[in-house]
Amino acid sequence: FQIGRKIDEAFLEDLEERLIMADVGLDTTKYLIDALKSSYKDKEIKEKDQILTFLKENLKERLTQKGNELKLNEDGPTVILVIGVNGSGKTTSIAKLAHHFVQQDKKVLLGAGDTFRAAAIDQLEIWAERIGIDIVKHKMGSDPAAVAFDAVQAALSRESDIIIIDTAGRLHTQKNLMKELQKIHNVLKKKIPEAPHEVLLILDATIGQNAITQAELFSAATPITGIFLSKLDGTAKGGVVLAIQNQLDIPVKFIGLGEKCEDMEAFDSEQFVDALLS
Amino acid sequence: TLSNKFYDIKNNFFSSGKINEKNIQDGIKAIEEALINADVNFRVVKGLVKRVKEKALGEELIKSVKPGDQFVQIVHYELVELMKSDDEERLPITKDLTVIMMVGLQGSGKTTTCGKLARYLIKKGHRPLLVAADTQRPAAIEQLKVLGKTLGEQISEERGEDFEVPVYSAPQDPPPKICKDAIPIAKENNNDIVILDTAGRLHIDDALMDELLSIRKKTKPDHVFFVMDSMTGQNAFDSAKIFNEQINIDGVVLTKLDSDAKGGAALSIKEVTGKPVKFVGVGEKLDALEEFHADRMANRILG
Ligand SMILES: Nc1nc2c(ncn2[C@@H]2O[C@H](COP(=O)(O)OP(=O)(O)OP(=O)(O)O)[C@@H](O)[C@H]2O)c(=O)[nH]1
Ligand SMILES: Nc1nc2c(ncn2[C@@H]2O[C@H](COP(=O)(O)OP(=O)(O)OP(=O)(O)O)[C@@H](O)[C@H]2O)c(=O)[nH]1
Ligand SMILES: [Mg+2]
Ligand SMILES: [Mg+2]
């Protein structure tokens, strides 16, 4: 960026290109550029260096509207349901969340709700072992809702602080699998009226505009309380979360920065916006 | 939707029946928007619409009776031209022992595709050996073993006689050694294909990209497939570019096309690497692999 000169068409085009390349999407980019142009007309910003500040403040504000932290249950285990499309990083993100809570001296239990994919239960089991926590699992092919039920049952009897439930990857376009999610959600609700206290959608930061559709259809099946944006250690910027916040009012709560269980951070809108426009 | 856009293009922009810079520019803008929304990389879109504009302004469009139809046809044609490859055979097997190497970013579908490719090749009369060279991801080896076992059972059932899909693993060895050791094992075991499943990695991870290069040097693969998630956004361009620059891929498998993602990444990858998409993944089961067809992909991207 060449800072410190008057706003001009070339500058705006460059900004537009950056936003699109960051997967912000065409509509949201247009909206932002128009907001900049009208602020410029209203003389709120006169210089180029003001533009970037104005834009960053605008974006930061949008992304911090709703609470970005996890809402914990005050009396009883907090039930966290983890969902998302195939390969988005659900199982690994659960390990990260579990590790995060164990560091806070919380008692964590895992529910191996992916009873479909090859070695899915084994994968989560290895993580549970590494972190030093318990896991509730059934055989491959069993009903995931039954696993969820048993997991919460175990959390109640063992007085766990946190119970995190893994689910099989699924496409938002697979109606029967969306129904399966609803069933899992309802089973959790039956066991503990407020459950699931958090439903986290794992979104792969490398995904493009389809992420918005994913968020729409997943939240139609189970209301989503937050996004865990994984694989942000790559070169993708994850700009789609802007549109998701705008259209669906779903906040980002965590980001994934690698493959180890320490590689997670709480969402920081300022850092995110800086990286988006870097 | 995009088909609405095309309807608009045909009916609004070219409804006057006259062709001029203005309505071609409107059509171009609509195409640009459609392609960006379909996750085609910004840079690729710019190059593509430039070619469309040149063609549209040329003799062809001016003379045609239905200019709107002609314009859409030009766009479709350019997309197909870009993505098609002249290979009839998607995966030519010509040697006594063929090595296939699967690479890509985390979670793109490599391990599952190894199983699918094994099934595809078994149906063509081959005997593949699966190699579990991902020693990093928890239960990655187990995952490939389960797939091998499941596939063996499926084929045995279909053929009415025992068929095994062996999986070679050596969790204590580094991946390049595992891959290298698999080759004499395949020969010994009378397997004519070796499929190497590698760990997902970032194109910006130098150490892991070097590891891939080391595997390549040690095994001299006949086919290196870059496995990419079809929902990938703008990032498809950079990751494909760097994977290709560093280890020279031969072809691409685009996965999860059973979703409603437009798959614009397919265009970006071909444009930046010149390497064709050979197969597409259309589901989680082992038979969910199809050969890539450029015209079908063009239709999908254009809505
Ligand atoms: N670089 C990087 N890799 C990640 C991150 N999160 C997950 N991964 C990797 O992404 C791949 C897929 O992760 P999984 O946790 O198995 O994904 P999943 O959503 O559970 O997959 P399915 O259960 O098959 O749908 C693994 O190789 C992980 O190590 C991240 O934040 N950064
Ligand atoms: N719907 C659908 N799911 C797929 C397809 N291909 C793979 N998957 C799923 O995507 C997820 C990730 O697949 P994997 O084979 O584990 O991916 P990977 O590239 O080996 O992952 P890493 O080794 O961690 O990098 C799994 O849930 C697969 O079942 C496909 O074509 N369609
Ligand atoms: Mg999983
Ligand atoms: Mg794998």
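Numbered from 1 within each chain, the chains take letters A, B, ... in sequence-line order. Just so it is clear, the values below take in all heavy atoms, side chains as well, and ignore hydrogens, waters and symmetry mates.
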So which donor and acceptor atoms of chain B and chain A come within less than 3.5 Å of each other?
residue, atom, partner, partner atom, Å
B/Glu33, OE2, A/Lys30, NZ, 2.8
B/Asp39, OD1, A/Gln209, N, 3.0
B/Asp39, OD2, A/Gln209, N, 3.3
B/Gln106, O, A/Lys231, NZ, 3.0
B/Gln106, NE2, A/Glu259, OE2, 2.8
B/Arg137, NH2, A/Gln123, OE1, 3.4
B/His203, NE2, A/Thr235, OG1, 2.9
B/Met231, O, A/Gly208, N, 2.9
B/Gly233, N, A/Thr206, O, 2.8
B/Gln234, N, A/Asp23, OD1, 3.0
B/Asn235, OD1, A/Thr235, OG1, 2.5
B/Lys256, NZ, A/Asn86, O, 2.9
B/Asp260, OD1, A/His172, NE2, 2.8
B/Asp260, OD1, A/Asn210, ND2, 2.8
B/Glu284, OE1, A/Asn86, ND2, 3.1
B/Glu284, OE2, A/Asn86, ND2, 3.1

> So which of A/Gly239, A/Ala118, A/Ala211 has the biggest tally of heavy-atom pairs under 4.5 Å with chain B?
Replying inline: A/Ala118

> Is it the side chain or the backbone of A/Val85 that comes within 4.5 Å of chain B heavy atoms, both, or neither?
Replying inline: side chain

>> Just to verify, what does B/Tyr120 make a ring-ring contact (aromatic ring centres under 6.0 Å, His included) with, not counting sequence neighbours?
In response: B/Phe279

>> The criterion is ring-ring contact (aromatic ring centres under 6.0 Å, His included); which residues satisfy it with B/Tyr168, sequence neighbours excluded?
In response: none

>> Going by the rule salt bridge (charged side-chain N to carboxylate O under 4.0 Å, His left out), which residues pair with B/Asp210 if we only count those two or more places apart in sequence or in a different chain?
In response: none

> Shortest non-hydrogen contact from B/Ala139 to A/Ala119?
Replying inline: O-CB, 3.8 Å

>> Ignoring hydrogens, what is the shortest heavy-atom contact between A/Leu171 and B/Met231? Give both atom names and the distance.
In response: CD2-CE, 3.9 Å

